[in-house]
Amino acid sequence: MSHSDDAEEFTVLTASLKRHLERRRQAGIRFLPKGNLGGGTVATSEYAASLMSGTVDDLFSANTAGMEATTLDELRAAIGDCQRCKLCSGRTNIVFGVGNPHAKLLFVGEGPGRDEDLQGEPFVGRAGQLLTDIITRGIGIKREDVYICNVVKCRPPENRNPEPDEVAACEPFLKKQIDLVRPEIIVALGKFAVQTLLQSKVPITKLRGNWYRYHGIKLMPTFHPAYLLRNPADKKLVWEDIKKVIKELSDEIR
């Protein structure tokens, strides 16, 4: 490898490390994990990619209870009466997640709305009814057979978009939820779910309808049900995405 190639790869690694440390700072994590950062055998470019995407153990290095949770109940207990970001001041309930803890299909949304905040369960309002229709009438399975959660667990004021520090504070818990459920397919609903899981700023209009991988799990980005309530003409696009999910689930059963 030439000197210029070395310099370019070092620049990429440095930029990736800076982004990684900034996410840790926003999440209130102040300690680096112990041991050799590169592991001695991981190529620089591969390690840079791992820094950009993050891992559950790394994000939880300052939260032993969360990192060591082996069930969703243990993870919820580790979250406790969460005060990790400013959303805690306005919430009624933490909206953790609901459904089959060993589901093959997992849906990730953005954050709780008013109805979800009051009931402590994700997707129970108008958008939730539409998601339920997608699951039961579209896919043909029961809502309780899938797992549903959000990027942030507390309602943003007036249903505004989650802010970067709020996403960073909740991201470790979302990643651990996925790690514990270990679904075969993730459906990421809307911009924030897609960008958080894929670590991408590409617009969802360009990502939706295509398969991606999240730590080895197949991931399908599509529009959020709340968006469909405002833009009903795009329901046909979501149906195209869901048909791909149905086909993938059918192939997994065979």
Side-chain angles (χ1 to χ4, degrees), residues 15-16 19 22-23 26 49 52-54 95 97 105-116 122-139 143 146-153 155-168 170-171 174-175 177-178 183-251:
S16 301
R19 287 194 294 269
E22 176 60 20
R23 289 201 303 270
Q26 291 176 343
M52 286 187 280
S53 62
V95 183
L105 181 59
L106 184 147
F107 290 85
V108 179
E110 176 182 312
R114 178 179 179 275
D115 293 323
E116 290 78 13
F123 285 94
V124 293
R126 290 180 62 218
Q129 182 56 56
L130 182 52
L131 177 61
T132 299
D133 288 344
I134 290 171
I135 295 168
T136 58
R137 299 171 62 184
I139 303 175
R143 177 177 160 119
V146 307
Y147 192 80
I148 305 171
C149 58
N150 284 308
V151 172
V152 296
K153 312 303 184 193
R155 181 194 181 194
E158 304 302 320
N159 291 346
R160 64 160 171 75
N161 292 332
E163 296 179 352
D165 61 314
E166 297 159 358
V167 172
C170 254
E171 185 179 2
L174 170 63
K175 291 189 171 186
Q177 279 178 299
I178 296 172
E184 294 174 1
I185 296 173
I186 297 170
V187 177
L189 301 166
K191 168 185 174 181
F192 286 93
V194 173
Q195 291 187 350
T196 299
L197 293 175
L198 295 183
Q199 292 294 302
S200 171
K201 296 300 182 183
V202 176
I204 188 170
T205 52
K206 296 184 180 296
L207 294 174
R208 60 144 292 273
N210 298 299
W211 286 109
Y212 298 87
R213 289 274 179 176
Y214 170 82
H215 294 284
I217 302 171
K218 297 169 185 174
L219 185 147
M220 174 60 70
T222 194
F223 293 125
H224 194 285
Y227 168 84
L228 297 180
L229 293 176
R230 301 189 300 271
N231 302 273
D234 283 344
K235 287 182 180 181
K236 63 180 182 295
L237 298 178
V238 172
W239 176 234
E240 292 301 315
D241 302 342
I242 293 301
K243 283 194 291 186
K244 294 178 182 179
V245 173
I246 294 170
K247 181 180 184 304
E248 201 68 31
L249 285 171
S250 299
D251 291 343

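Nothing here was measured: the structure is a model prediction, and the numbers come from that model.
- Atoms NZ and CG, on K153 and L174 in that order, are 5.0 Å from each other to the nearest 0.5 Å.
- When side chains are defined from C-beta on, V108 does not count as touching F192, because their heavy atoms never get closer than 4.5 Å.
- A heavy-atom distance below 4.5 Å is found between the side chains of I148 and R143.
- Applying the side-chain hydrogen bond (donor to acceptor under 3.5 Å, both in side chains) criterion to N231, with sequence neighbours excluded, gives no partner residue.
- With sequence neighbours left out, the salt bridge (Lys or Arg N to Asp or Glu O under 4.0 Å) criterion links K191 to no other residue.
- The shortest non-hydrogen separation linking Y212 to K206 is OH-O, 4.3 Å.
- In this structure K243 satisfies the salt bridge (Lys or Arg N to Asp or Glu O under 4.0 Å) test together with E240, sequence neighbours excluded.
- Shown here are the side-chain hydrogen bond (donor to acceptor under 3.5 Å, both in side chains) partners of D115, two or more places apart in sequence or in another chain: there are none.
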What pairs of donor and acceptor atoms, side-chain ones from residues 232-239 against any protein atom, are under 3.5 angstrom apart with sequence neighbours left out?
| residue | atom | partner | partner atom | Å |
| --- | --- | --- | --- | --- |
| D234 | OD2 | Y227 | OH | 2.4 |
| K236 | NZ | A233 | O | 2.8 |

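- Of all heavy-atom pairs between V202 and L207, the closest is O-CD1, 3.5 Å.
- P183 places none of its side-chain heavy atoms less than 4.5 Å from the side chain of L105.
- Listed by chain and residue number, Q129 satisfy the side-chain hydrogen bond (donor to acceptor under 3.5 Å, both in side chains) test with D133 (two or more places apart in sequence, or in another chain).
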